[in-house]
Amino acid sequence: MVKCSYCGKPAVYISRANGKAYCAKHFIEYFDRKVRRTIRRYGMFSKKEHIVVAVSGGKDSLSLLHYLIKLARKVPTWRISALLIDEGIRGYREYTIKDFMNFISEYKDVDYRIISFKEEFGATLDEIIRIGKKRGLPYLPCSYCGVFRRYLLNKVAREMGATVLATAHNLDDIIQTYLMNIIKNSWDKIARLSPTTGSARHPKFVRKVKPFFEVLEKETTLYAILNNIYPKHFVECPYAPTNIRWAIRKYLNELEERMPGTKYGLLQSLLTSLDLLKKSGREVIELNTCKICGEPSSHDVCRACMFRIELGLLRVANN
């Protein structure tokens, strides 16, 4: 049995990056130090903040909400709220909402809001996908979901009075997206992968941060288990296998097993790319205002409105 490098108790985790083993107590301390270092390094929060945490009910987002609630007890000028987007994915989202409600019921002082695609756009994601197929649209389920989720997270967080929106993207999520964008040669999207997205300029844009930027997915999983907040329902989105991310995730895990440190190496590659983009002036994202909905957009009409028009969920009068 492997023993903790610090106290000799049975280890629950071995870091292949530093070669040290951790018991439950010392893993929690290791995790805490790692996240605090990330928050400090990238200046994620100021002394006074209303932090809205994007939650799904999954292990990563519940871990982040739990962590920030604990941290906020030491910073009385912080306010923590939660925002959950219900896409309307049958056989999946109803279970994660139950897990979120079970978690949040223990924190009476934490405000939260749940908003649905159906409420905002007039159709669930399941319905949107069926409509898209009937209309012969070329988009994958994750394309609709990603665009509409990002749209609502920014819009509703702003309505909640957020000064910053915290998302639970971990190191694995970040490097998967990095590789996806390299494959597509989408350097404008790579510029958005920084730990903080304060480089986007628009009065309606809510600054976003990723406190788990340097934390491996398996570390957030263990953190959730040790803090007894691991979701009761282990379900994955039924649409996930249609996304290239599914294949990249599998490949990276296999590569990490054969070559430990691969994931950290890719993270450093991303940070180098972000630095080069910053020096070239491409890191700053100038946003327009969507002519239809008035929300921040990279183009004259935002992607969410374009999708709704193509799906027949939004009618625009011809001038």
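This structure is a prediction, so every number in the text was calculated from the model and none was measured.
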If we ignore angles and hydrogens, is there a donor and acceptor under 3.5 Å between the side chains of [X] and [Y]?
X    : Y    : value
T221 : Y230 : no
T220 : S63  : no
E214 : Y42  : yes

Which heavy atom of [X] sits nearest to which heavy atom of [Y], and what is that distance?
X    : Y    : answer
G43  : R207 : O-NH1, 4.1 Å
R303 : Y139 : NH2-CE2, 3.5 Å
Y30  : S15  : OH-OG, 4.1 Å
T289 : G294 : CG2-O, 3.5 Å
V12  : C23  : CG2-C, 3.7 Å
A54  : L153 : CB-CD2, 3.8 Å

Between the side chain of [X] and the main-chain N/O of [Y], is any donor-acceptor distance below 3.5 Å?
X    : Y    : result
S116 : E119 : yes
E256 : T262 : yes
Q268 : G265 : no
W78  : S46  : yes
N154 : V206 : yes
R93  : S56  : yes
R158 : K204 : yes
N170 : D173 : yes
E219 : L216 : yes
S5   : K20  : no

Does the side chain of [X] reach to within under 4.5 Å of the side chain of [Y], using non-hydrogen atoms?
X    : Y    : answer
R79  : E49  : no
K98  : K232 : no
C293 : C302 : yes
V209 : P211 : yes
I292 : I309 : yes
L83  : V53  : no
M180 : R245 : yes
F117 : Y144 : no

Requested in this report: Determine, stepwise, if the pair F27 / C4 fulfils side chain to side chain contact (heavy atoms under 4.5 Å, CB included).
Outcome: CA-CA 9 Å; F27 172 79; C4 177; over 6 Å; no
Query raised in the report: For the side chain to side chain contact (heavy atoms under 4.5 Å, CB included) test, which of F103, Y67, Y223 pairs with L62?
Result: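 Single side chain to side chain contact (heavy atoms under 4.5 Å, CB included) partner of L62 among F103, Y67, Y223: F103.
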Query raised in the report: Hey, which of V164, T38, V35, I51 is the one that makes side chain to side chain contact (heavy atoms under 4.5 Å, CB included) with M44?
Result: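 Answer to the side chain to side chain contact (heavy atoms under 4.5 Å, CB included) test with M44 among V164, T38, V35, I51: T38.
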Inter-residue atom distance [X].[atom1] - [Y].[atom2], 0.5 Å rounding:
X    : Y    : atom1 : atom2 : result
M306 : L311 : CE    : CG    : 10.5 Å
Y22  : L222 : OH    : CG    : 12.0 Å
R113 : E159 : CZ    : CD    : 5.5 Å
E29  : H26  : CD    : NE2   : 5.0 Å
C145 : I89  : SG    : CD1   : 5.0 Å

Query raised in the report: Can the ring centres of F212 and F31 be said to be less than 6.0 Å apart?
Result: yes
Query raised in the report: For the rings on Y239 and Y92, is their centre-to-centre separation under 6.0 Å?
Result: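 Distance test on ring centres: not under 6.0 Å, no.
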Requested in this report: Tell me, please, whether F205 has K208 positioned over its six-membered ring: NZ or CZ under 6.0 Å from the ring centre and within 45 degrees of its axis?
Outcome: yes
Report task. Determine, for Y151 and R308, whether the Lys NZ or Arg CZ falls below 6.0 Å from the six-membered ring centre while staying within 45 degrees of the axis. Result ->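 Yes, R308 and Y151 form such a contact.
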Any chance [atom1] of [X] has more than 12 other-residue heavy atoms, nucleotides or ligands included, within less than 6.0 Å?
X    : atom1 : answer
K3   : NZ    : no
H299 : NE2   : no
N228 : CG    : no
Y107 : OH    : yes
Y95  : OH    : no
Y112 : OH    : no
K9   : NZ    : no

Query raised in the report: Given the rule in the salt bridge (Lys or Arg N to Asp or Glu O under 4.0 Å) test, do R130 and D126 qualify, once you have shown the distances and angles that lead to the verdict?
Result: CA-CA 6 Å; R130 288 196 291 269; D126 291 340; 5.5 Å; no
Establish whether [X] and [Y] are linked, either directly or via other cluster members, by ILVMFWY side-chain heavy-atom contacts under 4.5 Å.
X    : Y    : value
L64  : M101 : yes
I115 : L125 : yes
I104 : I85  : no
I244 : I190 : yes
L252 : I182 : yes

Report task. Under the side chain to side chain contact (heavy atoms under 4.5 Å, CB included) rule, what do T163 and V52 come out as? Steps first, then yes or no, please. Result -> CA-CA 8 Å; T163 56; V52 172; over 6 Å; no
Query - Derivation of the side chain to side chain donor-acceptor pair (under 3.5 Å) call for S297 and N288 - result: CA-CA 5 Å; S297 171; N288 300 317; 5.9 Å; no
**Report entry** Trace of the side chain to side chain donor-acceptor pair (under 3.5 Å) decision for K263 with N253
**Finding:** CA-CA 9 Å; K263 292 180 179 180; N253 285 336; 2.7 Å; yes
Query raised in the report: Which is it for L266 and L270 under the side chain to side chain contact (heavy atoms under 4.5 Å, CB included) test, yes or no, and what are the steps along the way?
Result: CA-CA 6 Å; L266 282 168; L270 168 61; over 6 Å; no
Query raised in the report: Is any side-chain N of the basic residue among R90 and E94 closer than 4.0 Å to the acidic one's carboxylate O?
Result: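 Salt bridge absent between R90 and E94.
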Requested in this report: Just do the side chain to side chain donor-acceptor pair (under 3.5 Å) check on D275 and T272 with the steps written out, would you?
Outcome: CA-CA 5 Å; D275 186 54; T272 299; over 6 Å; no
